[in-house]
Amino acid sequence: MPELPEVEVTRLSLVERLRGAEITGVRVGKPLRWPLGCEPGMLTGRRIIDITRRGKYLWFALGVPSPPGGDGGGLLLHLGMSGSLSLTPGTPAPGPWDHFDLHTSRGLLRLTDPRRFGAVVWSDAPHEGAAGRLLAGLGVEPFDPGFTAAHLKAGLSGRRVAVKQALLAGDVVVGVGNIYASETLFLAGIDPRTRSERVSLARCGRLADAVRRVLARAVALGGSTLRDFRDAHGAGGAFQLEARVYGREGLPCQVCEQPVRRIVQGQRSTFFCATCQRR
DNA sequence: ATGGGTACCTGTCTGC
DNA sequence: TGCAGACAGGTACCCA
């Protein structure tokens with residue numbers, strides 16, 4: 001489910017509420033993608049200092065009671081394909097897909113994830129241990145000033161894979177998943193099958209702009225709710241209503257009215273307009 | 001090093 | 001109605 005916009009929308013729906021909250025209990029359900037990596041009980045009594053995002057990961061920075069505000073490591077969380085977080089008052093009984101609960105002084109933070117491709121991982125610091133290994137090698141943030149045409153061009157050069165797959169790989173720029181890769185390439189007018197190394201500097205500039213515009217718009221609309229994405233307060237997103245190509249196979253392109261095509265690249269669906277998007 | 005494929009797991013939808 | 005098969009928003013890992 002979640003690409004950068006959904007993760008950021010989730011973060012925004014949590015951060016004000018949970019900053020300063022004390023962890024009062026932890027429940028671990030069925031195994032997720034990676035083990036938690038700590039004794040759940042050791043989290044009790046720590047406070048959530050901040051929630052930040054790196055790519056599609058959330059980092060819950062924790063503080064220990066003494067010294068007050070002292071560094072208390074943190075939890076790295078990934079929503080996988082089907083994960084979502086909710087923050088609710090009280091302690092509703094866990095359903096079959098609720099695999100991680102953080103009871104806090106501000107409510108119950110719950111990870112619901114039917115496919116269990118998500119994970120919650122303890123680390124002393126985001127750059128250390130298990131979190132460090134997961135975050136190492138991630139590309140630049142799309143809203144970082146370092147995400148320029150030149151950066152994209154350098155990242156794509158020497159790669160023979162299709163530009164769609166290079167965008168998805170996440171080692172050049174993070175956060176672009178399968179929906180937004182198609183949307184971004186449509187907006188930039190680039191055929192998703194174009195070999196990475198053949199995308200010109202000028203088109204890299206257009207592509208970088210498109211990535212920023214598509215992701216920012218998706219965040220503003222609360223993300224995409226294709227089946228079940230919700231922010232932590234249960235609100236769905238609306239970007240899917242503005243999708244130009246994703247999920248629109250056979251429907252007329254909104255620009256030229258030719259049918260949108262669907263192909264498979266690296267076992268994932270890609271949607272594009274063969275008229276508006278050029279190699 | 002790069003690129004291709006597999007694996008993880010479960011739900012939903014489609015077509016016979 | 002039942003059932004097999006395709007497909008789903010991600011990404012680490014294995015092998016050529």
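Reckoned from all heavy atoms, side chains included, excluding hydrogens, waters and symmetry mates. Naming convention: chains lettered A, B, ... in sequence-line order (proteins, then strands); numbering from 1 in each chain.
A:Lys164 places no side-chain N or O within 3.5 Å of a backbone atom of A:Leu185 that could act as its donor or acceptor partner.
Distance from the side chain of A:Arg159 is smallest for B:dG3 among the nucleotides C:dG10, B:dG3, B:dT6. The side chain of A:Arg160 sits closest to B:dG3 out of B:dG3, C:dC7, B:dG5. Counting only heavy atoms from C-beta on, A:Trp97 has its side chain closest to B:dG11 among B:dT6, B:dG11, C:dA12. Minimum atom distance to the side chain of A:Val161 is reached by B:dG4, of the listed B:dG4, C:dT11, C:dA8. Among the nucleotides B:dG11, C:dT11, C:dG10, the one closest to the side chain of A:Pro2 is C:dG10. Side-chain proximity of A:Gln165 to the nucleotides B:dG5, B:dG4, C:dT11 is greatest for B:dG4. Nearest to the side chain of A:Glu3, among C:dG10, B:dG3, C:dC7, sits C:dG10.
In terms of polar N and O atoms assigned as donor or acceptor, the side chain of A:Arg115 comes within less than 3.5 Å of the base of B:dC9 in a complementary pairing. Scanning atom types as modelled, one donor and one acceptor separated by under 3.5 angstrom connect the side chain of A:Arg33 and the base of C:dT11.
Summarising the geometry, the separation between CD on A:Gln267 and P on B:dA7 is reported as 11 Å, rounded to the nearest angstrom. If you measure from atom CG of A:Leu135 to atom P of C:dA12, you get 10 Å, rounded to the nearest angstrom. The distance between atom CG of A:Asn178 and atom P of C:dA8, rounded to the nearest whole Å, is 7 Å. The CG atom of A:Leu167 sits 16 Å away from the C1' atom of C:dT11 (whole-angstrom rounding).
Applying the 4.0 Å criterion to OP1 and OP2 of B:dC9, one finds that A:Lys30 has every side-chain N and O outside that range. At least one side-chain nitrogen or oxygen of A:His78 sits closer than 4.0 Å to the OP1 or OP2 atom of C:dT11. OP1 and OP2 of C:dA8 both lie 4.0 Å or more from every side-chain N or O belonging to A:Ser82.
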Exercise for review: Verify salt bridge (Lys or Arg N to Asp or Glu O under 4.0 Å) between A:Arg106 and A:Glu22, making sure each step is shown before the conclusion.
Suggested key: CA-CA 8 Å; A:Arg106 309 270 180 80; A:Glu22 180 184 350; over 6 Å; no
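In this structure, B:dC9 forms no base pair with any nucleotide, since neither Watson-Crick nor G-U wobble geometry is met with both distances under 3.5 Å.
Residue A:Arg268 is classed as a base contact, given a heavy-atom separation below 4.0 Å to a base. Across all strands, A:Arg262 comes closer than 4.0 Å only to sugar-phosphate atoms, never to a base (heavy-atom distances). Backbone-only contact: A:Tyr246 has heavy atoms under 4.0 Å from sugar-phosphate atoms and none from a base.
In this structure, A:Gly146 and A:Val140 approach most closely via the heavy-atom pair C-CG2, 4.1 Å.
Not less than 6.0 angstrom separates the ring centroid of A:Phe271 from the ring centroid of A:Phe186.
Remark: A:Arg19 CZ is packed, more than 12 non-hydrogen atoms of other residues, nucleotides or ligands lying under 6.0 Å away.
Residues A:Ser157 and A:Gly266 each lie close to DNA chain B; by heavy-atom proximity, the contact nearer the 5' end of the strand is made by A:Ser157.
Stacking is not found between A:Phe117 and the pyrimidine-like six-membered ring of the C:dT11 base under the 5.5 Å centre-distance and 30° plane-angle cut-offs.
Taken to the nearest 0.5 Å, the CG atom of A:Leu111 stands 10.0 Å off from the CZ atom of A:Arg27.
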